[in-house]
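What you see is a predicted model; the values in this text were computed from it and never measured. Atoms within a ligand are numbered from 1 in the order they appear, just like the ligands themselves.
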Amino acid sequence: MLKLLVLFLCCSTISSKPGHLDDRVMHPHPRRKPSEGENDQELTAEYWNEIGLNTLKNYLEEKLNTNIAKNVIIFMGDGMSVPTLAATRVYMGNENAQLSFEKFPHTAVSKTYCVNYQVPDSACTATAYLGGVKVNLGTVGVTASVQWEDCQGMTNTSNHVQSIAQWAQFKGKSTGLVTTARVTHASPAGVFGHSAQREWETDTDIINAKQDPEVCTDLATQLVTEEVGRNLNVIMGGGRYAFLPSGTKGEEEDDGYRSDGVNLIEKWKTLKEGEKAQYIWNREQLLGLEDTDYVLGLFESDHCPFNLERDQQLDPSLTEMTEAAIKILSKNTQGYFLFVEGARIDMGHHEAMVHLALDETVEFSKAVERAVNLTSEEDTLIVVTSDHAHTMSLGGYPERGNDIFGIAGAASDSLPFATINYANGPGYEPPESDGSRNDISKDDLGEIEHRFPGGVPLDSETHGGDDVLVFARGPWAHLFRGVMEENVIPHIMGYASCIRKDGVSACEKETDSNAVYIHTVALVSILLVLVHGLV
Ligand SMILES: *[C@@H]1O[C@H](CO)[C@@H](O)[C@H](O)[C@H]1NC(C)=O
Ligand SMILES: *[C@@H]1O[C@H](CO)[C@@H](O)[C@H](O)[C@H]1NC(C)=O
Ligand SMILES: [Zn+2]
């Protein structure tokens, strides 16, 4: 209450000078006293100079890691734009907070457009950061010569894009995917799938699109029966409905959605007969896993719940799934490839529910931290990135320590505006009958499903076309640098782990330097013999 009062006092001066935002920069509000004096040290030059010096020293001391990446883990925060990161730090309690992966030593900027669209979706981008090839919007695992919904085109294997999971399997590594979306959703489909339409997750979806599921295979069937999917050691996430025939119930009284009558969970079990394989559907089973080589974990009929709305007993967290996956995959002495998706950052944004999106980002950061704790920088390359941005912005000169879900100030119409705004989306409010803007001080901005303002009315807020970041740690992480095309990511991961199909690899380099070493030793030996002979 007091805060609001202060706000309106201060803002009445601003609103009398509409359009003079620069005044605000030059004459900022008296600084709000930080709670518990936590930022008082920031008043001194020493504090900032020490941060500067320590960072510099760390950079200078850093040694490049040119080991071979036995293991590669890619974490993908769906829709985790750069402003999402900044907003999440405030949500975590302080603008100077760090997400776990912000401590990684190397970063790059990733350009996310796809072949035919400026602003991409999760299917074309998954093909880029997992398959190394940019393709058309809404398609996954097929080149851009396949048009969206071209059922025939997607069956032509010469148009298929192989993912890094396939390269890894070819070299005898274990492979897995973990997501909080349906396991057949666009991003995980980039690991195993080839589809001209990302929404063809079941045969029913294909029939609804007036195509023949006998011609083009749905993604759930591909996941269980085809080349890459059937070899995955770990499949975890939501999306049980795509595996069950309609009329068949899942463990949570959920309905199947398949028309072909095939129970793909049973099919998966049959295909894994004779192996140490387990199908699981709840958290307790996940935490109790022992000595397993293959796991199919379908924890929800549809997407997994938002972390904030999860049943803590029944539904595993992304962190718990990640840990279980790493434990299974680590059994392979040849190493592994793992894809982990924090899928619902994106879905929070689409709903304009910032609170949910930011909380998903915190959970994603925890999952990365758990992976860091469970692996070694010596032999494991961890890459953290996002597929695309969103239209969320963070602005308006809120004071340090201001609630990220709070009000930034007053606009030129004297009404308050939020720090967080979307360029478009379901948070749009039409003008009041007198033409005035919605007064957001009447809204419960702290409510976890509150929709933040959007400038243009849309049922679903859109992705953004801006660049996203790549964070890397481990062997060859330093190759992630500069401003790169998104599709370059797997080319580097494949190099570091020596699994590229063209043989261009860190191991080739190793052989080269070995050869130089051997030649040098040979030369020195010959010289020694000669010298000895002369004496
Ligand atoms: C398959 O795709 C390749 C490459 O795009 C093309 O040359 C070939 O004609 C296609 N085959 C069929 C049967 O359409
Ligand atoms: C990672 O390890 C550190 C140090 O042991 C611990 O404090 C932290 O809680 C761990 N984080 C996770 C997410 O497991
Ligand atoms: Zn999205």
Query raised in the report: Of all the non-hydrogen atoms in the protein, which one sits nearest to atom 11 (N) of ligand 2, and at what distance?
Result: E369 OE2, 2.7 Å

Query raised in the report: Taking atom CD of Q211 and atom CG of D218, what is their separation to the nearest 0.5 Å?
Result: 13.5 Å

Query raised in the report: Any protein heavy atom sitting closer than 4.0 Å to atom 14 (O) of ligand 1?
Result: yes

Requested in this report: Identify, by atom number and element, the atoms of ligand 2 in contact range of K366, meaning under 4.0 Å from any of its heavy atoms.
Outcome: 13 (C)

Query raised in the report: Would you call E486-K134 a salt bridge at under 4.0 Å N-O?
Result: no

Query raised in the report: Quick one: does atom 4 (C) of ligand 2 have a protein heavy atom under 4.0 Å from it?
Result: no

Query raised in the report: By atom name, which N, O or S atom of H463 is the nearest to the Zn ion (ligand 3)?
Result: NE2

Query raised in the report: Does a side-chain heavy-atom distance below 4.5 Å link M154 with W200?
Result: yes

Query raised in the report: Looking only at distance, does N373 have an N or O less than 3.5 Å from an N or O of ligand 2?
Result: yes

Requested in this report: Kindly report the NE2-the Zn ion (ligand 3)-OD1 angle for H350 and D346 respectively, rounded to 10°.
Outcome: 90°

**Report entry** Any donor-acceptor N/O pair, T180 side chain to C304 backbone, under 3.5 Å
**Finding:** no

Report task. Run the numbers for me: atoms of ligand 1, each under 4.0 Å from some heavy atom of S158, listed by number. Result -> 1 (C), 2 (O), 3 (C), 4 (C)

Query raised in the report: Quick one: does ligand 1 sit under 4.0 Å from the side chain of N159, the backbone, both or neither, non-hydrogen atoms only?
Result: side chain

Requested in this report: Do me a favour and list the nearest non-hydrogen protein atom to atom 8 (C) of ligand 1 with residue, atom name and distance?
Outcome: N156 ND2, 3.7 Å

Report task. State yes or no: are the ring centers of F452 and H355 separated by less than 6.0 Å? Result -> no

Report task. Please answer whether the main-chain N or O of V228 pairs with a side-chain N or O of Q169 as donor and acceptor at a distance below 3.5 Å. Result -> yes

**Report entry** Expected output: side-chain T419 to main-chain L394 donor-acceptor under 3.5 Å
**Finding:** no

